[in-house]
Amino acid sequence: MDITIHTTVLPHEDPDASLAFYRDALGFEVRSDVGQGRTRWITVGPVGQPGTSILLAPPGADPGVTEAERRTIAEMMAKGTYGWILLATPDLDATFEKVQAGDVEVVQEPTDQPYGVRDCAFRDPAGNLVRVQQLR
């Protein structure tokens with residue numbers, strides 16, 4: 001079986017702020033940007049990796065989501081417990097410095113973890129946890 005990860009989804013509340021974070025702070029390229037206002041679906045991905053993307057999507061846009069579920073999603077996003085992603089880079093310190101230079105919430109500076117990885121963490125504008133680990 002030959003399966004690859006094509007796209008993962010993270011929610012956003014402010015498409016312009018999310019776009020700025022993923023494009024400007026992380027250096028991802030914009031692959032598509034459809035919709036309008038807060039109901040925009042933006043696909044971004046790492047330069048040179050056209051087969052892997054992140055879809056930044058409005059969290060409650062699915063018509064099957066109930067109002068109670070929308071409230072729960074909003075509460076979880078506000079706490080930063082709804083979405084997260086793990087990224088990797090060959091130069092963690094340079095990546096941390098570049099991302100930290102923007103207007104982002106640093107959750108953890110580069111740290112050697114007891115389980116064998118070195119990583120750091122930020123919150124994107126929607127509160128999603130973005131962990132970045134050092135490639136070995």
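From Leu56, atom CG reaches atom OG1 of Thr43 across 7.5 Å, with rounding to the nearest 0.5 Å. The structure places CG of Leu135 at 6.5 Å from OG1 of Thr89, a figure rounded to the nearest 0.5 Å. Atom OG1 in Thr8 sits 5.5 Å away from atom CD1 in Ile85 (nearest 0.5 Å). Note that the CZ atom of Phe28 and the OG1 atom of Thr52 stand 9.5 Å from one another [nearest 0.5 Å].
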Evaluate the side chain to side chain contact (heavy atoms under 4.5 Å, CB included) criterion for residues Leu87 and Thr95: first the C-alpha distance (whole Å), next the side-chain angles of each, then the deciding distance (0.1 Å), finally the verdict. CA-CA 11 Å; Leu87 305 173; Thr95 299; over 6 Å; no
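The nearest pair of heavy atoms linking Ala57 to Val9 is CB-CG1, 4.0 Å. In terms of heavy-atom proximity, Asp16 sits nearest to Arg40 at OD1-NH1, 2.8 Å. Taking each heavy atom of Cys120 and Pro110 in turn, the nearest pair found is CB-N, 3.7 Å. Glu69 and Val65 make their closest contact through OE1-CA, 3.3 Å (heavy atoms, listed as atom of the first residue, atom of the second, distance). Looking at every heavy atom in both residues, Gln49 comes nearest to Arg31 through O-NH2, 3.0 Å. The nearest pair of heavy atoms linking Pro11 to Pro59 is CB-CB, 3.8 Å.
A side chain to side chain contact (heavy atoms under 4.5 Å, CB included) with Phe21 is found for one member of Asp14, Val44, Val104 and no other, namely Val104.
Within the structure, every pair that satisfies the side chain to side chain donor-acceptor pair (under 3.5 Å) test and touches residues 120-136, not counting sequence neighbours, is listed here: Tyr22-Asp124, Gln108-Arg131, Asp119-Arg131, Asp124-Asn128. Sorted by first and then second residue, the ring pair (Phe, Tyr, Trp, His ring centres under 6.0 Å) pairs with a member in residues 69-107 read Phe96-Phe122; sequence neighbours excluded.
Connection of Leu129 to Val99 is not established within any shared hydrophobic cluster, with ILVMFWY side chains joined at heavy-atom distances below 4.5 Å, either directly or through further cluster members. Linking ILVMFWY residues whenever their side-chain heavy atoms come closer than 4.5 Å, directly or via other members, leaves Val117 and Leu86 in distinct clusters.
The closest donor-acceptor contact from the side chain of Lys98 to the backbone of Asp24 lies under 3.5 Å. With hydrogens and angles disregarded, a donor-acceptor distance shorter than 3.5 Å links the side chain of Thr111 to the backbone of Glu109. Of the possible donor and acceptor atoms, one in the side chain of Thr81 sits under 3.5 Å from a partner among the backbone N and O of Met76.
Atom CD1 of Ile5 sits in a sparse spot, with 12 or fewer heavy atoms from other residues, nucleotides or ligands closer than 6.0 Å. Heavy atoms from other residues, nucleotides or ligands lying under 6.0 Å from CD of Gln113 number more than 12. The 12-atom threshold is exceeded at CG of Asp112, counting heavy atoms of other residues, nucleotides or ligands nearer than 6.0 Å.
Two residues are said to be in side-chain contact when any heavy atoms from C-beta on lie closer than 4.5 Å; Pro125 and His12 fail this criterion.
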